[in-house]
Protein chains: 2
Amino acid sequence: MKKLPTKILIVDDEPDIIEILKYNLDKEGYDVKSANNGKKAIEKAKKYIPDIIILDVMMPEMDGIEACEELKKISKLSNTRIIFLSARGEDFTQIAAFDAGADDYVTKPVKPKILIKKISSISKRINNNLSNVLDLGDIKVDKESYLITINKEDISLPRKEFELLYLLASKPGKVFSRDEIMAKVWGTQVIVGDRTIDVHIRKLREKIGDKCIKTVKGVGYKFKLNVKKK
Amino acid sequence: MKKLPTKILIVDDEPDIIEILKYNLDKEGYDVKSANNGKKAIEKAKKYIPDIIILDVMMPEMDGIEACEELKKISKLSNTRIIFLSARGEDFTQIAAFDAGADDYVTKPVKPKILIKKISSISKRINNNLSNVLDLGDIKVDKESYLITINKEDISLPRKEFELLYLLASKPGKVFSRDEIMAKVWGTQVIVGDRTIDVHIRKLREKIGDKCIKTVKGVGYKFKLNVKKK
DNA sequence: TTTCAATATTAAGTTATTGTTAAGTTAACT
DNA sequence: AGTTAACTTAACAATAACTTAATATTGAAA
């Protein structure tokens, strides 16, 4: 199996950062390009179609968040993952970043090992088609195709339903509050009515059976692993 | 059961903004005060001890960031959350400045519904700051899944019961007074009758055995580790 | 040991939260 | 533009969770 190197675009206004990242990523065999502001990043991304874009949050002119929003609109880049780079792990920026559609987040100062690890796991997914599949035994949830598989039967889910299920299934057992669900599936800058989540939950239960998703009243919902009997 | 309104302080130099926010928040039943600059904000905050401060980033004299840093130094305000108000784009490059310790942000023009949503989720969070999994040997208390485990058997508890147990179990041996329990489990903004706690204690004892929780008459309750006899 | 405020207990309200359905909107695709 | 699916809203029902109320019991102080 021959594989083309994963293409990475680094976007930062500080040449030092670009240099150090480029050095480290080159060494790992990635195909690395760079840009020093948001506008150029968009140009280059269109031409180059990188697999991964590493985007500094703070840049003059067009900041990373704006740039990200623009990038997300470009259909050629629909398979491109975006990793944000920012000075601090402020919740705040993270909220804004994920609203804009970031896939991951790294804080400065960048530890090359951490970045490389994230990148290699993302690029594995891209190459090996090891893709975003959650395998929960009885049920498989595949983010590439927005399909779930129950007892070898494929069911296709609409986007919101899928994302909701994907979120819950990403941490079986964990209770997700409504707020958390709202923030992760709908984003923090969108408002929908109270019953919207319930309706989606209802539809999911209709399709995948109602044992899978449990309500914890006053707290949230959780995905329940099928309990083995003793 | 009675609920005291959440106290909010709005700080902005534009009277129009204050007015529109005040109008919307009043309508929701919040207790709203306002200030038109950073200095006054600090004065009023000291006196009024709001639960939430909505702070415009850009103001003459003392801007929101400075004000936030000052506010964070005031110990009486340690439980006060701060929401920044900023114009989109303009401010995102200055995100580094938000080291100041904001809890959330809203962009102008403000959509009242979004603001209200954020406020309600923050005020929920204020009362919910207990962390995650307690392992007491015989018994495990897992806040992530709202489950407790006794002898490898999972028991799911309703919210209040769970939180009550979680509180007691967080410091085995320590006696928690009723006041303390009220404040931590119900929050300072809710008033319920005297017998409510007892009833929850009763239900807990029913489910986890009555050796675990001990009454110290006139003082409170404590969680007791099971001492194994020989 | 008596007393009495503090807690226990039980069952019966109440309320908050979620479930459900159907009917609107919106968005996506041909 | 028209058609369809997806998504959201709205109205109401259902229910678990929670609180109260009424009464009994307890245990520390007198």
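Treat the numbers as computed from the prediction; the structure is a model and nothing was measured. First the proteins, then the strands, lettered A, B, ... as listed; each starts at 1.
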Could you tell me which residues satisfy side chain to side chain donor-acceptor pair (under 3.5 Å) with B:Asp154, sequence neighbours excluded, listed by chain and number? B:Thr149

Salt bridge (Lys or Arg N to Asp or Glu O under 4.0 Å) filter on A:Lys40, not counting sequence neighbours, yields none

For B:Glu161 and D:dC18, what is the distance between atoms CD and C1' respectively, to the nearest whole Å? 9 Å

Please list, chain by chain and in numerical order, all residues satisfying salt bridge (Lys or Arg N to Asp or Glu O under 4.0 Å) with B:Lys160, sequence neighbours excluded. none

B:Tyr146 OH to C:dT17 P: how many Å, rounded? 13 Å

Using whole Å, report how far CD1 of A:Ile201 lies from P of C:dT18. 11 Å

Does C:dG19 have its OP1 or OP2 closer than 4.0 Å to a side-chain nitrogen or oxygen of A:Arg202? no

What are the atom names and distances for every N/O pair under 3.5 Å that joins the protein to nucleotides 8-11 of chain D?
unit_1, atom_1, unit_2, atom_2, d
D:dT8, OP1, A:Trp186, NE1, 2.8
D:dT8, OP2, A:Trp186, NE1, 3.4
D:dT8, OP2, A:His200, NE2, 3.0
D:dT9, OP2, A:Gly193, N, 2.4
D:dT9, OP2, A:Thr196, OG1, 3.4

Residues in salt bridge (Lys or Arg N to Asp or Glu O under 4.0 Å) contact with B:Asp26, at least two apart in sequence or another chain: B:Lys22

Any A:Thr215 side-chain N or O less than 4.0 Å from OP1/OP2 of D:dA16: no

By side chain to side chain donor-acceptor pair (under 3.5 Å) - contacts of A:Arg202 (at least two apart): A:Glu206

How would you list all residue pairs meeting ring pair (Phe, Tyr, Trp, His ring centres under 6.0 Å) that involve residues 136-157 of chain A, not counting sequence neighbours? A:Tyr146-A:Phe162

Residues passing the side chain to side chain contact (heavy atoms under 4.5 Å, CB included) test with B:Asp31, sequence neighbours excluded, are B:Pro5, B:Lys7, B:Lys33, B:Tyr48

Could you write out each protein N or O paired with an N or O of nucleotides 24-30 of chain D at a distance under 3.5 Å?
unit_1, atom_1, unit_2, atom_2, d
D:dT26, O2, B:Lys217, NZ, 2.4

Enter the distance from A:Leu165:CG to A:Phe223:CZ here, rounded to the nearest 0.5 Å. 6.0 Å

Write down the distance between CZ (A:Phe162) and P (D:dA6), rounded to a whole number of angstrom. 14 Å

Which part of the nucleic acid does A:Tyr221 contact within heavy-atom distance under 4.0 Å: base, sugar-phosphate only, or nothing? sugar-phosphate

Nearest-Å distance, CG (B:Leu165) to P (D:dC18)? 13 Å

Does B:Ile20 have any side chain to side chain contact (heavy atoms under 4.5 Å, CB included) partners at least two apart in sequence or in another chain, and if so, which? B:Asn24

Starting at CD1 of A:Ile52, measure out to CD1 of A:Ile82 and round the result to the nearest 0.5 Å. 11.0 Å

According to a strict under-4.0 Å criterion, is A:Arg205 in side-chain N/O contact with OP1 or OP2 of C:dG19? yes

If we fit an axis to the first five pairs and another to the last five of the helix from C:dT1-D:dA30 to C:dT30-D:dA1, what angle do they make, to the nearest 10°? 40°

Protein-nucleotide distance (B:Asp198, atom CG; D:dT23, atom P), rounded to Å: 17 Å

Tell me the interatomic distance from B:Arg159, atom CZ, to C:dT18, atom C1', rounded to whole angstroms. 13 Å

Hey, which of B:Leu168, B:Ile181, B:Thr196 is the one that makes side-chain contact (heavy atoms from CB on, under 4.5 Å) with B:Ile201? B:Leu168

How long is the line joining CD of A:Glu163 and C1' of D:dC7, in whole Å? 13 Å

With sequence neighbours excluded, residues passing salt bridge (Lys or Arg N to Asp or Glu O under 4.0 Å) with A:Lys217: none

